[in-house]
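Have a look at the structure below before the remarks.
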Amino acid sequence: MKDIMIMNVKKIAFGAAVVFFANFSFAQTLQDGINSIDSDKFAQAKTQFTDMIAKAPTAENYFYLGNTFLRQGEPDFAKATESFNKGLAADSKSYLNKIGLAAVKLGKGDKAAVAEIQKIVSDSREKDAEVLFRAAEALTLFEKNNSPDLAIQFLNKAIERAQKKEVPANYYYTLGDAYRLKKIPGDAMTAYDKALPLAKNKASVYTRMGTLWMAAQQWKLAKENIDKAIAVDATYAPAYKALAAYDIKYQQNDKATQDLINYTKYADEDPYTQLEIAKLYFTNEDYNNSRTVLDKIFDKIDDPIKFKLRAYQLYSEGKYAEAKQNMDTFVSQADKSRVQPADQGLQGLIAAGLAKDEKDAAKKTALTTEAQQKIAIAKAAKDETMKWDMELAKIAGGGASQGSADAGPTNPTIEGLKQKVAANAQDTDSLFKLATAYQDVKNWNGAILTWQKMSTLLPDWAPAYYSLGYSYQQAGNNDAAKIAYEKFITTVKPADVEANKQTLAYAYFAVAYMSKDSDLAKAKDYVAKSVQLDPTYQDAVKLNGEINK
């Protein structure tokens, strides 16, 4: 009897060990998949979760696979839905997969999904920390469709439930992400601070801190935290993506290209990650690399987003007809919720490009009207995907190359300032002096390029646009000058109008003079404003009399 008892004890112990190691193995694999997603290794995560499904086709495993398709750079709603539906087939009561399907609706712009997620959480009786967390995550995933207040509520409850064991770091940093959506950076940073000691990979948290400081335009602190991320894990891909955004901001294109090479090296070959890389190269104005990456994956991606990126690339090359074809394909194939104001802005720029060489007067007018209307949509939405006014200036012939600037007049002052700017691209004081020095020697291409850089670094500083307009005008490009002067007029803050009366009066006059033969109504409006600002400005008074006879 004693031997039998000993054998039974051994069997029970062995059985318990099997269960323990099976659960331990599952937990490890799950955490590996979560870490892969966080590291922008989506192909690896998909493989890990697919392997988990092969061993145990549970509802939870299907959810984690489906969620990977939502978390990648460009969500694949079809494949996510397929996986969530399989999860519900395995367990019709699976709250996680119900949340997943609601998240798909939210990602497509259906705001009713917020109430749906709230009901799913209510049905779960808020007992499971993971259900609360995934509901909150779904409410923070999409930049334009989210509910951060509800997410914060769920996350605080998830943290409370999880405190009985150990709160995962991603609960806290997702809480930080929710506060970011609410534009409460202090609370976001507090949440990231709490995530830091819990995180297995602190690079993940430092990167979030860095991008939060970037959003607050605290560039020194942003760089310090991104550097910390790379110092603790030099293979953490998202840190290089953040660093690329930092270098692109300061127009350090060569550095940004190296950042993107590192991002490519440490992320994985998932086609959608590569698509994100192609977009980043485009943002860095590295069109050759952008095209190379997109060409490599174009046939591997079913998502119509690829046609949109191709349209951007073709637009940058001045191939407006081909760009229009690709943009039309994107709009016809994509869900309507995915057509953003920036896309309409691009359609407007393409129309402006087509109008430039159109010989038929009626078609030219129609294209010009379309361009104005669609670009107005992007500007009204405060979309900053592209510098709409400056792009119009380029189409009008306002592009100035570095080669043409270097070939123009120069002097030792200019050469010295060029070296200073090369050493520190965000040195706005040196940029200002360089632009002025170019103007002094009448190197208008150099002045144009430098004032453009100033307006990128200081987009709310109106004088840069005025000086850009003046430089275009002196270079003989009145269309581009008119656009720059109008940007100056709209950028001057109401409180600064009095101090800028004379320059505003000239800008209004310049636009009126350049518009008098093509848009008489606008010319009359603008010259009247010029005279109102400065009744002693004789050129404006004279023009006002001439066009109002």
Side-chain angles (χ1 to χ4, degrees), residues 36-37 39-47 49-50 62-86 100-110 113 137-138 141-146 237-238 241 260 263-264 267-283 287 289-316 322-347 350 383 385-386:
S36 294
I37 291 173
S39 301
D40 285 8
K41 295 180 178 178
F42 297 104
Q44 183 171 289
K46 289 168 192 173
T47 299
F49 291 132
T50 301
Y62 279 116
F63 166 77
Y64 290 118
L65 178 60
N67 198 49
T68 307
F69 288 108
L70 290 186
R71 293 284 307 277
Q72 64 191 27
E74 194 68 39
D76 188 330
F77 294 123
K79 289 184 180 176
T81 299
E82 179 186 342
S83 195
F84 295 142
N85 280 331
K86 286 180 180 178
L101 290 174
V104 169
K105 291 182 184 177
L106 188 59
K108 290 182 174 182
D110 185 350
E137 181 187 56
L141 272 182
F142 308 107
E143 185 180 356
K144 298 186 184 298
N145 303 303
N146 51 62
K241 184 178 175 181
L260 292 174
Y263 178 63
T264 306
D268 63 22
E269 288 292 318
D270 184 88
Y272 287 90
T273 303
Q274 296 296 308
L275 179 66
E276 185 70 13
I277 291 166
K279 284 194 268 184
L280 289 167
Y281 273 125
F282 183 88
T283 304
Y287 305 124
N289 271 324
S290 180
R291 192 186 312 104
T292 298
V293 173
L294 185 63
D295 286 346
K296 185 172 69 173
I297 59 165
F298 198 83
D299 294 333
K300 298 177 183 176
I301 294 177
D302 297 326
D303 196 307
I305 194 76
K306 65 185 182 181
F307 294 106
K308 179 165 80 170
L309 182 55
R310 179 70 84 209
Y312 272 98
Q313 291 175 343
L314 290 164
Y315 163 77
S316 73
E322 293 175 59
K324 185 180 186 306
Q325 288 175 358
N326 277 269
M327 204 61 195
D328 288 347
T329 302
F330 166 71
V331 171
S332 67
Q333 293 186 10
D335 189 281
K336 288 182 180 179
S337 65
R338 297 181 69 191
V339 180
Q340 302 296 323
D343 303 331
Q344 292 176 289
L346 177 62
Q347 288 177 308
I350 291 169
D383 183 274
T385 302
M386 301 184 81

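In this structure a side-chain-to-backbone donor-acceptor pair under 3.5 Å is missing from D295 to T292. Remark: side-chain polar atoms of D268 are paired, donor with acceptor, to backbone N or O of F42 under 3.5 angstrom. Looking at K86, its side chain never comes within 3.5 Å of a backbone N or O of Y62 through a donor-acceptor pair.
For the atom pair Q313 CD and Y287 OH, the distance stands at 10.0 Å (nearest 0.5 Å). With rounding to the nearest 0.5 Å, the separation of OG1 in T264 from CD in E269 is 8.0 Å. Here OG1 of T68 is found 3.5 Å from CD1 of I37. Values are rounded to the nearest 0.5 Å. Between M386 atom CE and S316 atom OG the span is 8.0 Å, to the nearest 0.5 Å. Taken to the nearest 0.5 Å, the CG atom of L294 stands 12.0 Å off from the CD1 atom of I277. One finds the CG atom of L106 at 12.5 Å from the CG atom of L101 (value rounded to the nearest 0.5 Å).
Residues K279 and E276 are paired through a salt bridge, judged by an N-O separation under 4.0 Å between the basic side chain and the carboxylate. The pair R338-E74 counts as a salt bridge, with a side-chain nitrogen and a carboxylate oxygen less than 4.0 angstrom apart. Remark: K300 does not engage D270 in a salt bridge, criterion side-chain N to carboxylate O under 4.0 Å.
When all heavy atoms of N145 and G107 are compared, the pair lying nearest together is ND2-O, 3.7 Å. The minimum heavy-atom distance linking S39 with P238 is given by the pair O-CD, 3.8 Å. Nearest approach of I297 to P271, heavy atoms of both residues: CD1-O, 3.4 Å. Closest non-hydrogen pair, A102 versus A113, comes out as O-CB, 3.3 Å. Counting all heavy atoms, side chain and backbone alike, L309 lies closest to A278 at CD2-CB, 3.6 Å.
For K105, the NZ atom is loosely surrounded, since the number of other residues' heavy atoms within 6.0 Å does not exceed 12. No more than 12 heavy-atom neighbours from other residues, nucleotides or ligands sit within 6.0 angstrom of NZ on K324.
F69 is not listed as a side-chain neighbour of T81, based on a closest heavy-atom distance of 4.5 Å or more. The closest side-chain heavy-atom distance from N67 to E137 is below 4.5 Å. Side-chain contact check for Q347 versus V331: some heavy-atom pair is nearer than 4.5 Å. Two residues are said to be in side-chain contact when any heavy atoms from C-beta on lie closer than 4.5 Å; F49 and S83 fail this criterion.
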| task | Apply side-chain contact (heavy atoms from CB on, under 4.5 Å) to the pair R310 and R291, showing each step before the final yes or no. | result | CA-CA 8 Å; R310 179 70 84 209; R291 192 186 312 104; 4.1 Å; yes

| query | Stepwise, does the side-chain contact (heavy atoms from CB on, under 4.5 Å) test hold for D343 with Y312? | reply | CA-CA 9 Å; D343 303 331; Y312 272 98; 4.2 Å; yes

| request: Determine, step by step, whether L260 and N289 satisfy the side-chain contact (heavy atoms from CB on, under 4.5 Å) criterion, reporting the C-alpha distance in whole Å, the side-chain angles of both residues, the deciding distance to 0.1 Å, and the verdict. | output: CA-CA 10 Å; L260 292 174; N289 271 324; over 6 Å; no

| Verdict with reasoning, F63 to F84, per ring-ring contact (aromatic ring centres under 6.0 Å, His included) | CA-CA 6 Å; F63 166 77; F84 295 142; 5.7 Å; yes

| task | Report the C-alpha separation of T273 and Y263 in whole Å, then their side-chain angles, then the decisive distance to 0.1 Å, and conclude whether the side-chain contact (heavy atoms from CB on, under 4.5 Å) test is met. | result | CA-CA 10 Å; T273 303; Y263 178 63; 4.0 Å; yes

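Relative ring orientation between F307 and F298 is described as perpendicular, the plane-to-plane angle rising above 60° on a 0-90° scale split at 30° and 60°.
D303 and Y272 share no side-chain donor-acceptor pair at under 3.5 Å.
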